[in-house]
Amino acid sequence: MKALDNFKADFENTLQLSKGLIKEIRSKAFEKFISEKFPTRRDEYWKYSDPSSILKLDLNYNDSGDFKDDSYDIILSNGRIVKTISKFKTGNISDGLDNGDVPKEIFKEEKNPFLNLNNAFAVNGCYLILDSKTKKDVKILNVINNNSDCQAVYPKLVIIAKKNSDSTVFEEVKVVGEGINFVNSVVDIILEDGANLEHIILDDYAKDTYSISNICVKQSKDSNFRSHNFSMGKKLARRDYNIELLGTGANCDLYGLYFVDGENHIDHHTTVEHKKEHCTSNEHYKGILSGKSVGVFNGRIHVHPKAQKTDAIQNNQNLLLTDDAIIHTKPELEIYADDVKCTHGATVGQLDEKALFYLRTRGLNQKEAQGLLMRAYVGEIIDHISNGEIRTRMMNIVLDRLPKGD
Amino acid sequence: MLKITNLHASVEGNSILKGINLEVKAGETHAIMGPNGSGKSTLAQVLAGHDDYEVDKGEVSYLGKDLLEMDVDERACEGVFLAFQYPVELPGVNNTYFLKSALNAQRKYRGESEIDAMEFMDLIGDKIKLLNLKDSLLKRPVNEGFSGGEKKRNEIFQMAVLEPKLALLDETDSGLDIDALRIVAGGVNAMRSKDNATIIVTHYQRLLNYIVPDYVHVLVDGKIISSGDKALALELEEKGYDKIIEESKA
Ligand SMILES: Nc1ncnc2c1ncn2[C@@H]1O[C@H](COP(=O)(O)OP(=O)(O)OP(=O)(O)O)[C@@H](O)[C@H]1O
Ligand SMILES: [Mg+2]
């Protein structure tokens with residue numbers, strides 16, 4: 001397969017760029033990646049999203065290109081740091097590993113081949129230490145800068161929220177240039193005891209982009225993670241959240257909003273591992289699908305034997321604007337403790353006809369009525385963003401990107 | 001203003017309206033009474049343009065135009081307003097935002113500029129007073145969790161803001177307590193003028209003490225079997241529908 005040969009060549013060509021701990025991590029990860037079979041739709045985990053389409057691409061590793069924008073604190077261009085700000089403790093992951101800012105335990109061998117592949121190409125990558133007890137906002141821009149036709153990029157971000165810190169990280173993905181992108185990105189997030197972190201991720205529109213994104217979160221005692229995921233369908237778009245509640249009293253809120261149109265595809269697999277007692281998780285994902293698009297939502301809640309007094313909620317709602325759009329939604333509950341509260345639900349539907357009629361009897365035309373109902377639909381997710389400025393901005397962006405209906 | 005001629009309508013193949021004739025002139029108030037299931041709401045919904053109802057026969061002319069040819073929102077913009085028997089809840093849609101959007105849609109249709117925020121607040125301030133509406137209802141999603149009476153009052157509040165030419169009030173009095181009934185009736189009366197008309201669907205003579213109709217019609221099994229002035233409502237109350245139906249057959 002074309003891409004596999006290219007992965008090998010690119011890996012070998014770039015390995016000499018790395019020194020110190022990262023070199024060993026990369027080598028091990030690549031070995032692991034190569035030794036395992038590349039997933040296909042026959043794997044349960046990839047049933048509705050075919051990653052083998054990536055293998056047909058003539059991909060070339062690229063981390064070049066610059067980008068400037070004053071409104072962001074940190075900018076990565078094709079995964080390489082092109083801007084940081086001294087206000088925050090941040091730097092190249094490789095340096096962070098060597099100076100001890102980044103614990104090397106983050107980079108273990110993984111089951112998920114795309115985590116291994118991302119580690120194998122951890123030439124660049126950025127870490128960010130959040131240690132302020134007074135609330136800090138960080139804005140990160142992740143630019144996919146296409147100047148090479150058919151490129152593979154491996155953005156990598158490590159965020160460490162120190163004990164009792166309080167922060168908001170806003171991460172925006174922007175695709176510039178024309179061409180095919182394979183974006184294999186990973187965000188590793190660690191929340192120490194009592195840390196409070198709100199993480200907002202906003203995807204860009206991008207045709208001809210294959211995006212596989214993994215967000216891995218490890219939460220210690222009494223930490224609080226709030227995630228807002230705004231994602232857009234692509235040729236292939238897959239985002240996994242893997243949340244581990246490792247300390248008692250940890251809480252996570254996962255909010256998501258996805259749009260997919262045309263013949264595009266979007267897939268979310270989320271896993272919340274309840275490993276300790278008295279943890280709560282609250283997940284609410286909503287999708288809007290139009291055209292002949294396909295959406296997938298798989299929400300797994302795994303309550304380990306020790307995790308008594310777990311309180312887990314999961315909900316997935318989907319709005320299908322056309323007859324040809326398809327959604328596969330599935331909760332996956334594995335509960336091994338007995339004193340647990342766990343609820344889940346999924347709905348698939350159209351805009352409420354009664355509501356549309358009611359609005360139209362007040363003078364709004366079909367489009368305006370649909371717009372108002374969709375605004376309400378997305379508002380129920382967006383309203384949870386605590387930062388007012390970001391909330392307003394997200395509302396405007398989302399309204400702008402809403403399918404215009406018919 | 002409104003002329004309904006031999007209107008037949010059905011839903012899912014069941015014929016419900018079976019030849020309605022009704023003429024309403026500007027400045028008039030008509031009451032329609034009739035037993036449950038006789039087709040009163042169907043008539044109101046057909047006039048508002050609900051597409052669950054098939055018009056099989058007949059004509060409706062409104063201000064010289066063919067009403068049945070117009071889209072739902074076009075009818076609204078031309079001044080037809082339906083106060084629903086069962087107002088719809090709109091989760092997540094802020095009541096004030098909704099009303100402003102509706103008003104602006106109608107203004108746009110009429111070629112007027114959008115109302116600015118200040119003007120709008122002034123306008124609704126007056127109407128809130130007129131209907132003695134709780135301020136908090138404006139900040140909530142439309143009708144969501146409103147009590148039955150609050151929903152009805154909210155319908156009339158919308159009407160007061162949108163100032164329709166032809167108002168269709170479908171059992172607006174049901175579910176209102178005695179004080180609310182008086183306030184809502186007061187609101188409706190305040191809006192009456194020589195240029196607009198009102199059709200009130202009700203089961204209760206009591207409402208007609210407050211909103212005095214020029215005509216009362218009795219709708220039974222999809223047809224108007226009897227028409228008269230406000231005395232007919234009193235007669236109905238006294239005799240019941242069976243008697244009136246019998247008399248109409250005689
Ligand atoms: N969408 C619908 N689908 C099926 N049947 C309907 C529908 N709408 C109305 N009907 C039927 O049409 C008939 C007339 O209903 P309508 O609501 O017009 O009565 P109404 O006179 O308003 O009664 P009420 O006094 O109880 O409000 C009823 O038998 C009702 O069940
Ligand atoms: Mg009725």
Side-chain angles (χ1 to χ4, degrees), chain A residues 228 230 255-257 259 284-288 315-319 321 345 347-385 388 391-392 394-396 398-400 402 404-406, chain B residues 44-53 70-95 97-110 112 140-144 151 154-155 157-159 161-164 166-168 170:
Chain A
H228 306 272
F230 296 90
Y255 297 104
L257 198 55
F259 299 124
H284 197 158
Y285 266 64
K286 279 188 172 189
I288 299 183
N315 191 280
N316 174 231
Q317 281 173 273
N318 294 283
L319 198 55
L321 297 180
T347 59
V348 177
Q350 285 84 38
L351 287 175
D352 181 1
E353 285 297 332
K354 281 203 177 93
L356 282 172
F357 176 67
Y358 187 72
L359 287 166
R360 293 184 65 204
T361 64
R362 300 308 184 242
L364 296 161
N365 66 31
Q366 180 79 5
K367 256 189 200 166
E368 290 165 334
Q370 285 177 336
L372 208 64
L373 293 183
M374 283 201 273
R375 185 193 169 102
Y377 182 80
V378 300
E380 287 178 333
I381 295 293
I382 298 173
D383 286 347
H384 291 284
I385 298 175
R391 189 170 58 237
T392 307
M394 294 313 287
M395 186 47 120
N396 290 331
V398 165
L399 289 181
D400 193 50
L402 279 179
K404 296 294 177 275
D406 47 36
Chain B
Q45 298 275 331
V46 167
L47 294 177
H50 201 300
D51 60 11
D52 276 1
Y53 302 91
M70 295 184 204
D71 282 340
V72 179
D73 43 286
E74 205 180 338
R75 298 179 195 202
C77 291
E78 288 286 349
V80 177
F81 180 90
L82 170 61
F84 283 57
Q85 182 175 1
Y86 304 107
V88 180
E89 299 195 2
L90 306 176
V93 180
N94 173 276
N95 208 6
Y97 182 83
F98 154 71
L99 202 51
K100 193 169 171 221
S101 307
L103 182 62
N104 277 330
Q106 298 204 8
R107 289 174 67 111
K108 197 169 94 190
Y109 181 89
R110 295 193 296 259
E112 296 166 16
R140 283 170 46 185
V142 182
N143 294 328
E144 195 185 36
K151 283 182 183 168
N154 195 39
E155 292 290 286
F157 170 63
Q158 291 172 31
M159 171 180 160
V161 172
L162 298 172
E163 299 180 328
L166 175 66
L168 312 164
D170 192 358

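Reminder, nothing fancy here: chain letters follow the sequence lines and each chain counts from 1. Worth knowing before you read on, the calculation uses all heavy atoms, side chains too, and leaves out hydrogens, waters and symmetry mates. Since this is a predicted model, take the numbers as computed values, not measurements.
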I'd like a table of the N/O donor-acceptor pairs between chain A and chain B - cut-off under 3.5 Å, distance only.
unit_1 : atom_1 : unit_2 : atom_2 : d
A:Y358 : OH     : B:N143 : ND2    : 3.3
A:Y358 : OH     : B:E155 : OE2    : 2.3
A:Y358 : OH     : B:Q158 : NE2    : 3.1
A:R360 : NE     : B:D73  : OD1    : 3.0
A:R360 : NH2    : B:D73  : OD1    : 2.8
A:R362 : O      : B:Q106 : NE2    : 3.0
A:R362 : NE     : B:Q158 : OE1    : 2.5
A:R362 : NH1    : B:L82  : O      : 2.8
A:R362 : NH2    : B:L82  : O      : 3.0
A:R362 : NH2    : B:E155 : OE1    : 2.8
A:R362 : NH2    : B:Q158 : OE1    : 3.4
A:E368 : OE2    : B:K108 : NZ     : 3.1
A:R375 : NH1    : B:Y97  : OH     : 3.4

Contact summary for A:F357 and B:G49, nearest pair of heavy atoms: CE1-C, 3.8 Å

- prompt: What's the shortest heavy-atom distance between B:C77 and A:G363, and which atoms?
  reply: SG-O, 3.6 Å

statement: Residues B:V93 and A:A376: closest non-hydrogen pair is CG2-CB, 3.5 Å

statement: On a heavy-atom basis, the closest approach of A:L364 and B:A105 is CD2-CB, 3.9 Å

message: Please classify the contact between B:V80 and chain A as side chain, backbone, both or neither, with a heavy-atom cut-off of under 4.5 Å.
response: backbone

